[in-house]
Participant: 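Submitted below is the structure of interest, expressed as structure tokens.
One is the number of the first residue; the rest follow in order along the sequence. One-based numbering, in listed order, for ligands and for the atoms of each.
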Amino acid sequence: METIDQILIHWFNQNKRDLPWRSQRNWYTTFLSEFLLQQTQVNQALPYFEKFFQRFPTIHHLAKANEDEILTLWSGLGYYNRARNLLKTAKQIVEKFNGQFPENISTALQLPGIGPYTASAILSLAFKQAHPVVDGNVLRVIARLFAIEHDIRQQTTKKVIQNKVRALIPPQKADLFNESLMEFGALICKPKAPHCLQCPLQKHCQSFLNNKVELIPYKSPAARKKKIFQLVFVVRYKNRVLIAQRKTKGLLAKMWEFPIYEDNELTLAKMNVQQILKKYFSDSWQMYSRALPPLKHNYSHITLQYQPLLVHSKKPFRPKLSQYLQIEWLPLEAIEQKALHKAHQKILKQEEFKKWWADLNN
Ligand code: SF4
């Protein structure tokens, strides 16, 4: 009987998706794609890879970029610390390692934003080093193959799975094997409705053979996220909108947004919006137009619930919003050149917003 690694690599060679970082595989494309793929689906990362690779075809181009440019290109992808770390790491690779990725894993782990997963992925996929690369797909496939019933959120379970992968890596083929395992989890051994009936690993799969596929992997419920409530003021003067840049530290550091007012849900519900506008901005607002449908955005530890409010102003006043680095009045098209964070990009996509903007333009 063929071994697990042989079956996986054979399957991968026949079925792998055509992805740009695969067709142009080297350490730089691997490095770039691994940063983009952290906490992100392949389809979502694809256009960002194209943009970044076109703008920064080598590590030297990337290392010369400034943070605002990186954040603007990254805008919409979320988890903006990844973008900052991508730039910091690129600079260190050029300055300390002569433009080459360090091939020693302990050295690689000292670079900003490079944790055990990313270091193993780059060293394995680009340098064929025999490190286990364990992402969410791999956790699931291995847990099912070996019928591991423990909680896959636990570090001890992750360690067990990592050791299983390490033991399966065939000599000289760590790159192919790790990639095939991840791809197999993404395309065949999916979280819901895995394709067991067409699966080439059926005969090796302890969950399938023992009728436990539905039960594995076990994942304990996630810790409850903190909730944040905001009013978001989309303030308009003629064809310009007020946007502000967040400070250099904390959540969404240096990203741009429509000015916000944050408080707890109950207090916000009781507040008189006209009074907030007067106190928060200035007397120059002309009318409070209306509220858009409320929105929700999830960060890793926070759920943001926000209420966009459309506001019209008589003149382009300077609001006293001390929580921001800078504030600008910009035409709507120019906002695309700024790193507007994803939660507020959702406002621009609301049909009600588009109608409001178009109506007032006419
Ligand atoms: Fe996954 Fe089903 Fe294949 Fe087992 S048989 S590896 S559960 S797809």
Participant: Between Trp356 and Arg236, is there a cation-pi geometry (under 6.0 Å to ring centre, at most 45° from the normal)?
Facilitator: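 The answer is yes, since Arg236 meets both limits relative to Trp356.
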Participant: Specify whether an N/O/S atom of His195 falls short of 2.8 Å from atom 3 (Fe) of ligand 1.
Facilitator: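 So His195 does not count as coordinating atom 3 (Fe) of ligand 1.
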Participant: Any idea which protein heavy atom is nearest atom 2 (Fe) of ligand 1, and the distance to it?
Facilitator: Cys196 SG, 2.3 Å
Participant: Which is closest to atom 7 (S) of ligand 1 in terms of heavy atoms, Lys203, Arg144, Arg140, Lys190?
Facilitator: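 Among Lys203, Arg144, Arg140, Lys190, the closest heavy atom to atom 7 (S) of ligand 1 belongs to Arg144.
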Participant: Identify the closest protein heavy atom to atom 1 (Fe) of ligand 1: which residue and atom is it, and at what distance?
Facilitator: Cys189 SG, 2.5 Å
Participant: Give the residue, atom name and distance (to 0.1 Å) of the protein heavy atom nearest atom 3 (Fe) of ligand 1.
Facilitator: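 Checking every protein heavy atom, the shortest distance to atom 3 (Fe) of ligand 1 gives Cys199 SG, 2.3 Å.
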Participant: In terms of side-chain geometry, is the basic nitrogen of Glu179 or Arg25 positioned less than 4.0 Å from the acidic oxygen of its partner?
Facilitator: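 A salt bridge is present here (some side-chain N lies under 4.0 Å from a carboxylate O).
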Participant: Tell me whether the NZ or CZ atom of Lys173 lies within the 45° cone about the ring axis of Phe177 and under 6.0 Å from its centre.
Facilitator: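 No, cation not above the ring by the 6.0 Å, 45° rule.
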Participant: Would you mind checking if Arg22 and Glu183 are paired as a salt bridge, meaning a charged N to carboxylate O distance below 4.0 Å?
Facilitator: yes
Participant: Any chance you could lay out the side chain to side chain donor-acceptor pair (under 3.5 Å) test for Lys346 and His297, step after step, and finish with the verdict?
Facilitator: CA-CA 9 Å; Lys346 286 183 184 173; His297 190 76; 2.9 Å; yes
Participant: Only heavy atoms of Val213, strictly under 4.0 Å: list the atoms of ligand 1 that pass.
Facilitator: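 Selected atoms, number and element: 7 (S).
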Participant: Are a donor atom and an acceptor atom from the side chains of Glu257 and His341 found within less than 3.5 Å of each other?
Facilitator: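 On atom types as modelled, these side chains qualify, holding a pair under 3.5 Å.
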Participant: Report the part of Cys205 (side chain from C-beta onward, or backbone N, CA, C, O) that has a heavy atom under 4.0 Å from ligand 1; answer both or neither where that applies.
Facilitator: side chain
